[in-house]
Visitor: 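Before anything else, here's the structure in question.
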2 protein chains.
Amino acid sequence: MGIKEKRAHYKEEFRREILNAARELFIKEGCEKFSMRKFADKIGYSPTTIYLYFKNKDELLLAICEEVSEEFLTNLRHIRASQSNPLDALRQALLDFIDFGFENPNEYKVFFFTRLNVYSAPKEFMEKKSMRRDSYLEFRAIVEDCVEAGKLRRMDIDILTQVFAISIHGLLSMTIYNISFPWAERQVLSVALVDGLLRGYRT
Amino acid sequence: MGIKEKRAHYKEEFRREILNAARELFIKEGCEKFSMRKFADKIGYSPTTIYLYFKNKDELLLAICEEVSEEFLTNLRHIRASQSNPLDALRQALLDFIDFGFENPNEYKVFFFTRLNVYSAPKEFMEKKSMRRDSYLEFRAIVEDCVEAGKLRRMDIDILTQVFAISIHGLLSMTIYNISFPWAERQVLSVALVDGLLRGYRT
DNA sequence: ATTATATGTTAACACTGTTAATATAACCCT
DNA sequence: AGGGTTATATTAACAGTGTTAACATATAAT
């Protein structure tokens with residue numbers, strides 16, 4: 001290995017270390033309280049150093065976002081492979097989604113609420129490879145399985161996929177952000193939502 | 001009228017003027033770009049002056065929030081009074097909700113995403129009068145009408161109400177915030193969601 | 001007229017993300 | 001091995017944020 005590649009390798013390694021530390025602090029402190037300066041302080045570097053590895057805060061958050069998405073994608077693939085009944089797979093995917101959000105509110109926030117104008121145009125999102133995109137496609141595939149198996153109404157797959165995603169997101173973002181409202185018990189609310197949705201689009 | 005009350009009246013009037021100006025700027029500039037300093041500059045006062053009328057930024061945003069909620073409540077009452085079929089009323093309420101969000105994204109943001117810890121405890125939210133609370137209750141009443149009329153499944157009214165609210169919120173917050181994703185056409189997505197929901201909880 | 005209060009301002013504090021200028025260390029090549 | 005180049009990290013600074021303390025002035029009460 002040439003010395004130049006070795007250098008690039010070390011840089012990449014350090015980038016990952018920064019990323020992991022950032023994610024850790026992010027989860028602990030929460031989305032709103034995470035600041036570049038505090039983070040730099042935490043890892044014992046000056047704030048400007050981070051900018052040598054990440055263009056700006058958005059890119060750092062996006063990198064965290066991609067990491068979380070990767071875990072998510074792995075889980076979706078596992079569900080799809082292990083469940084024989086596609087409707088059960090969908091149901092489990094939805095419930096897992098919800099559980100993940102409830103258990104990791106801060107990760108969920110970065111997962112959905114970082115300014116994702118990083119992908120610039122909506123069109124570009126689908127063209128450029130990203131864990132976020134692949135997660136969507138994997139989730140979409142599960143929905144498609146259900147339609148193909150005649151379990152869900154035959155309608156535009158993207159519409160159907162997005163309706164599911166949107167509803168779950170609503171549950172999570174509402175209960176996570178709007179914490180001063182006396183929401184019903186999570187478990188009950190989740191099951192009511194998922195069952196209602198599946199019922200609403202069943203054949 | 002005593003001079004003291006007159007003074008209080010003037011103060012209240014000025015507070016409203018500030019509030020209206022704030023809301024206007026808020027809508028134009030957007031939630032994220034709204035700053036106390038810029039706002040103060042806009043209305044020709046120093047930033048500290050605003051603090052004589054609003055405790056802090058959160059309270060100012062909350063006041064805007066309450067104003068928006070009031071319009072919302074009015075609309076809900078109108079729907080409930082004018083529609084004879086409760087299911088039609090619910091359907092229209094949901095679609096109006098969506099339209100409002102699409103047409104006023106910035107107002108929607110403040111409506112749902114200001115730190116509402118202002119209400120401190122969830123329990124307090126239901127006890128203290130607020131336009132937000134009354135909007136919820138009015139919406140809940142429409143849902144209850146549907147259940148009473150045997151149009152919707154007989155289940156916990158709050159659960160049912162919250163499931164609807166959550167789903168619509170998901171649609172709005174996703175399409176408003178996550179603008180880099182190639183969402184399906186709004187109209188189609190909205191109708192698919194509302195129809196699916198009503199179908200999912202119908203008797 | 002003098003005291004008290006209400007209203008508004010300036011200056012400052014403690015933050016934020018980000019960049020320009022600068023120092024130091026590491027590597028490359030002759 | 002030494003001089004030049006590049007990579008890495010730092011300090012200082014800019015422009016912005018919400019918010020408060022200290023201060024001035026106009027109005028009302030006594």
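Note on naming: letters A, B, ... go to the chains in the order of the sequence lines (proteins, then strands), and numbering restarts at 1 for each one.
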Visitor: From CD1 of B:I18 over to P of C:dT7, roughly how many Å is that when rounded to an integer?
Guide: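 So the CD1-P distance, B:I18 to C:dT7, works out to 11 Å.
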
Visitor: Only counting residues at least two apart or in another chain, list the ones meeting side-chain hydrogen bond (donor to acceptor under 3.5 Å, both in side chains) with A:E138.
Guide: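 By the side-chain hydrogen bond (donor to acceptor under 3.5 Å, both in side chains) rule, A:E138 matches no residue at all.
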
Visitor: Sequence neighbours excluded, which residues qualify as side-chain hydrogen bond (donor to acceptor under 3.5 Å, both in side chains) partners of A:Y51?
Guide: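 A:Y51 satisfies side-chain hydrogen bond (donor to acceptor under 3.5 Å, both in side chains) with no other residue.
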
Visitor: Is there a side-chain contact between A:Y10 and the phosphate of D:dT8, meaning an N or O under 4.0 Å from OP1 or OP2?
Guide: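 A:Y10 to D:dT8 OP1/OP2: no side-chain N or O under 4.0 Å.
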
Visitor: Using whole Å, report how far NZ of A:K11 lies from P of D:dT6.
Guide: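 Nearest whole value for this atom pair: 14 Å.
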
Visitor: Please list all pairs passing the salt bridge (Lys or Arg N to Asp or Glu O under 4.0 Å) test where one or both residues lie in residues 8-27 of chain B, with sequence neighbours left out.
Guide: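 Applying salt bridge (Lys or Arg N to Asp or Glu O under 4.0 Å) to every pair that reaches into residues 8-27 of chain B, excluding sequence neighbours, yields B:R16-B:E67, B:R23-B:E67, B:R23-B:E71, B:R23-B:E107.
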
Visitor: Give the rounded distance in Å between these two atoms: CZ of B:F54 and C1' of D:dT19.
Guide: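 The distance from CZ of B:F54 to C1' of D:dT19 comes to 16 Å, rounded to the nearest Å.
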
Visitor: Would you say A:K28 has more than 12 foreign heavy atoms packed within less than 6.0 Å of its NZ?
Guide: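 Not more than 12 within 6.0 Å, no.
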
Visitor: When you measure from the side-chain N and O atoms of B:S46 to the phosphate of C:dT9, is any distance below 4.0 Å, counting only OP1 and OP2?
Guide: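 It does, given that an N or O in the side chain of B:S46 lies less than 4.0 Å from OP1 or OP2 of C:dT9.
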
Visitor: Among all residues two or more places apart in sequence or in another chain, which pass the side-chain hydrogen bond (donor to acceptor under 3.5 Å, both in side chains) test with B:T49?
Guide: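 B:S46.
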
Visitor: Using side-chain hydrogen bond (donor to acceptor under 3.5 Å, both in side chains) as the criterion, list what pairs up with A:D145, not counting sequence neighbours.
Guide: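 Expected list: A:R80.
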
Visitor: Tell me, for nucleotides 16-22 of chain C in 5' to 3' order, what letter each nucleotide earns: B for a base near a protein heavy atom under 4.0 Å, S for only sugar-phosphate near one, - for neither?
Guide: BBBBB--

Visitor: Could you give the CG-to-P distance, from A:L52 to D:dA7, as a whole number of Å?
Guide: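 Whole-Å distance recorded here is 11 Å.
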
